[in-house]
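Below: one structure, written as structure tokens.
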2 protein chains.
Amino acid sequence: MTTREQIIQSADNLIREKGYNAFSFFDISNVVGIKKASIHYYFPQKSDLGVAVIEEHLLRMKNIIDAYKDKSPVEKLDKFISVYSKVKTEKQICIVGSIATDFYTVDENMKTKLKEFTTVVLDWVRSFLEEGRKEKVFHFDGPGHTKALMIITSLLAIVQLSRVTGEKDFNIVKNKIKEDLLKK
Amino acid sequence: MTTREQIIQSADNLIREKGYNAFSFFDISNVVGIKKASIHYYFPQKSDLGVAVIEEHLLRMKNIIDAYKDKSPVEKLDKFISVYSKVKTEKQICIVGSIATDFYTVDENMKTKLKEFTTVVLDWVRSFLEEGRKEKVFHFDGPGHTKALMIITSLLAIVQLSRVTGEKDFNIVKNKIKEDLLKK
DNA sequence: GTCTATAGCAGGATAGAC
DNA sequence: GTCTATCCTGCTATAGAC
């Protein structure tokens, strides 16, 4: 992994663990093994790094969407939920929730990039939910967009809430989402 | 309102708007009209103020629970949702989500107090959901605790997410929660 | 109780050597 | 590319006058 990639990965972990405003270039330097000033060579400003982190999530998500293009709606759902499971075991939260919390303190470029990422995720979830309903494997009422919101919000919040209430609640929510979708 | 109360209210607004790590005593001094050093008279450390803010939420929630003791489950639900509506119009997020995001950076006292608050809220929501199901006005499958988690997470996350995607999505989720509960 | 003054530290960012 | 050195700013917190 290049130094640039290591910095992005480290920043991503830190943002989702401690929040954007709580992590520093010094934190990263400890992980990557270069001095904090050297990070500015790759990312002149902190917000440049913030944008790069969101961009990385966008890229990964697009790769997942592409790789799962021809798979079943259930497989897509499982994959989507598994992203949050990984998040949870690492004691980190969703990038969207983390930056949304600090939304009114971050750079305009980060806001724009986060909107882009959120749109891509919402569209994908909505589309495989509607696909699943058409195939009669998923059952839910109302617009796909609404159901996508209900699922995404439950996952986004439970990774935060279960920091307070414990891991068990994360598994309850995770299972309930799938159960409700499959139930006639 | 006493100076102490003004400080707490101002801190509460700031924490839920910008996040715990982004607000400063100087921000508060601008709102309350005293110098930042004077705030230490009431709250020696920043975390003391953080604890007081959560305590205030706890007190308000207990007052609501008590005031709605003899009301119907639907009225309790409406009241609970209305708390988030107020949150939303003020561009602020839920205190639990805000501090959960910064969870691994805050004082142990704040963690403990947040757990206490979260437990009180979860217990209340679970209890009026089960009450409503018994009276056959609410309809849902599975444990009341699970349904309480699904509702709380949806609200907690949509006040964050709708900062990014827009107010409309907040109303969609708000309405969907009630619709799903009332639907046979 | 509120003020001024200041200590002490950490953060983002830049300059210039290597 | 990475380093050392440094600047500047903003923050929490304390001391002591009024």
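Order of the sequence lines sets the chain letters (A, B, ...), proteins ahead of strands, with each chain counted from 1.
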Checklist entry - Do the side chains of B:Cys94 and B:Arg16 get nearer than 4.5 Å, heavy atoms only? => result no

Checklist entry - Can a salt bridge be assigned to the pair A:Glu75 and A:Lys79 using a cut-off of 4.0 Å between side-chain N and carboxylate O? => result no

Item to check | the helix from C:dG1-D:dC18 to C:dC18-D:dG1: angle between end helix axes, five pairs per end, rounded to 10 degrees | outcome: 0°

Item to check | Start and end of chain B contact along DNA chain D [non-hydrogen atoms, under 4.0 Å] | outcome: D:dC11 to D:dT14

Item to check | Test salt bridge (Lys or Arg N to Asp or Glu O under 4.0 Å) applied to B:Lys76 and B:Glu135, B:Glu131, B:Glu130, the passing residue | outcome: B:Glu131

Next on the checklist: Within this structure, what is the OG-CD1 distance for the pair A:Ser29 and A:Ile39, rounded to the nearest 0.5 Å?
Outcome noted: 5.5 Å

Item to check | Pi-cation contact, A:Tyr20 with A:Lys46 (under 6.0 Å, within 45°) | outcome: yes

Checklist entry - Should the ring pair A:Phe25 and A:Phe23 be called parallel, tilted or perpendicular, given that the plane angle runs from 0 to 90° and is split at 30 and 60? => result parallel

Checklist outcome for this item: Correct closest heavy-atom pair for B:Asp48 and B:Pro44 would be OD2-CD, 3.5 Å

Checklist entry - Should A:Glu55 and A:Lys113 be marked as a salt bridge (charged side-chain N to carboxylate O under 4.0 Å, His left out) after you check the CA-CA gap, both sets of side-chain angles, and the distance that decides it? => result CA-CA 7 Å; A:Glu55 235 155 25; A:Lys113 191 56 76 178; 3.0 Å; yes

Item to check | Cation-aromatic face contact A:Lys111/A:Phe103, 6.0 Å, 45 degrees | outcome: yes

Next on the checklist: Base contacts versus sugar-phosphate-only contacts with protein, heavy atoms under 4.0 Å: please encode nucleotides 10-15 of chain C as B, S and - from 5' to 3'.
Outcome noted: -SBBB-

Item to check | Residues B:Lys62, B:Asp66: salt bridge by 4.0 Å N-O rule | outcome: no

